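Comments concern the structure below.
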Amino acid sequence: MYIEIFALGAILFLVLTINGYIKPNKFIQDNQDIFYKLKEDDYEFLVRAKYGDGVDPDVLFQKRIKNGLLVIVVLIFIMLNGLNAVKVVVAVVGGYIMFKMDYSSLKKHYKAHLQKIDSLLPYYLKGLEILIQHYTVPVAMGKSIPDAPEIFRDGLVDMINKINAGDSTVRPYMEFAQTYPVRDSMRMMRLLYRLSLGRQERKQEQLITFSKTISSLQQKARETRYKNRLEKMESKTMSMLVSTGLCVMILLVIAILQMMGS
């Protein structure tokens, strides 16, 4: 009985939506207290990491909800013949998977984004080290912007503007590290801040520490890059072995069936 009522409600919702009597966006906004409980804690951060401030996370989230509901309704309509509790659960799971797909895509993009930053940061810092030998830290960072990897430029400009505006605390450096939260970024920014405060007679000593840390980061970046390549090759090899095994099994089954048929 409950299944039939659920199915009837889903079909009615679809018909009313198609005819414009129900507006999905308004329906979601009216029930946002319920739907927003499904919102992931880091969703807004991931949206801004990919699209910047030009995209409203709430608009994208409402679109996710709408797509998920649409999939549930369509699946129920497709499985209407002989509908039961199992099929309703399948429809709900299908809608939830559709809802989660966008979030998974954002996570994947952010992971790739961090890997790129992680591989580029040590080499940017090595170039910065050379400039710091001749200039103060803020001036060196300002001069490094044209040659810096494009991914860092907005963060560098923002940091330099805050320092030039009179912020002599560690905050601009930490905000840069939080924008690019990769391995040892916090520690490197603290070292840069200490370099900016250090007296001239201690500068060479601090630069040696900074240089050793950068060399260590470069070594880790090389090891990570080699590991990723190795894992990719292993994955491709495993895929080839599995595909070959499946083909052999299919051919054996076909051969057996032919022998039994003859």
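Please read these numbers as outputs of a predicted model, since none were measured by experiment.
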TODO: Please assess Lys107 against Lys111 for the test side-chain contact (heavy atoms from CB on, under 4.5 Å), listing each intermediate value before the final yes or no.
DONE: CA-CA 6 Å; Lys107 289 277 284 187; Lys111 186 178 179 181; over 6 Å; no
- [ ] Given side-chain contact (heavy atoms from CB on, under 4.5 Å), test Tyr51 with Asp56 step by step and report yes or no.
- [x] CA-CA 9 Å; Tyr51 300 108; Asp56 187 349; over 6 Å; no
TODO: Kindly indicate, with the supporting measurements, whether the criterion side-chain contact (heavy atoms from CB on, under 4.5 Å) is fulfilled by Phe152 and Val157.
DONE: CA-CA 9 Å; Phe152 296 130; Val157 168; over 6 Å; no
Task: Steps toward side-chain contact (heavy atoms from CB on, under 4.5 Å) verdict (Lys162, Glu175) - done: CA-CA 10 Å; Lys162 288 175 181 175; Glu175 287 177 356; 2.3 Å; yes
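Note: Ile151 CD1 to Thr179 OG1 = 11.5 Å, rounded to the nearest 0.5 Å. Atoms CE and CE, from Met189 and Met159 in turn, are 5.5 Å apart once rounded to the nearest 0.5 Å. For the atom pair OG (Ser144) and CZ (Arg153), the distance works out to 10.0 Å, reported to the nearest 0.5 Å. Taken to the nearest 0.5 Å, the CD1 atom of Ile65 stands 12.5 Å off from the CG atom of Leu60. Considering CG of Leu195 and CG of Leu191, their distance stands at 7.0 Å, rounded to 0.5 Å. Within the model, atoms OG of Ser119 and OH of Tyr124 stand 15.5 Å from one another, a figure rounded to the nearest 0.5 Å.
Of all heavy-atom pairs spanning Ile160 and Gly142, the tightest one is CD1-N, 3.8 Å. Listed here is the closest heavy atom pair of Pro122 and Ile214: O-CG2, 3.6 Å. Of all heavy-atom pairs spanning Gly95 and Ile72, the tightest one is CA-CG1, 3.7 Å.
Looking at Tyr110, its side chain never comes within 3.5 Å of a backbone N or O of Val47 through a donor-acceptor pair.
Hydrophobic clustering places Leu246 together with Met238 (ILVMFWY residues linked when any side-chain heavy atoms are closer than 4.5 Å, directly or through intermediates). Under the 4.5 Å side-chain heavy-atom criterion for grouping Ile, Leu, Val, Met, Phe, Trp and Tyr, Val89 is connected to Ile97 within one hydrophobic cluster.
Residues Gln178 and Met186 have side chains in contact (heavy-atom distance under 4.5 Å, counting atoms from C-beta outward). When side chains are defined from C-beta on, Tyr43 counts as touching Asp102, because their heavy atoms get closer than 4.5 Å.
Judged by the 6.0 Å and 45° rule, Arg194 forms no cation-pi pair with Tyr173.
For Phe61 and Phe99, the gap between ring centers is short of 6.0 Å.
In the displayed structure, Tyr123 atom OH is contacted under 6.0 Å by more than 12 heavy atoms of other residues, nucleotides or ligands. The 12-atom threshold is not exceeded at CZ of Arg171, counting heavy atoms of other residues, nucleotides or ligands nearer than 6.0 Å. Heavy atoms of other residues, nucleotides or ligands lying less than 6.0 angstrom from CG of Asp42 number more than 12.
Among residues two or more places apart in sequence or in another chain, the side-chain hydrogen bond (donor to acceptor under 3.5 Å, both in side chains) test is passed with Thr169 by Asp167.
Remark: Lys100 engages Glu40 in a salt bridge, criterion side-chain N to carboxylate O under 4.0 Å. Ion pairing between a basic and an acidic side chain is recognised when a charged N comes within 4.0 Å of a carboxylate O; Lys39 and Asp58 show such pairing.
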Could you pull out every donor-acceptor pair under 3.5 Å between side chains of residues 127-139 and any protein atom, sequence neighbours left out?
residue, atom, partner, partner atom, Å
Glu129, OE1, Lys126, NZ, 3.2
Glu129, OE2, Ser211, OG, 3.1

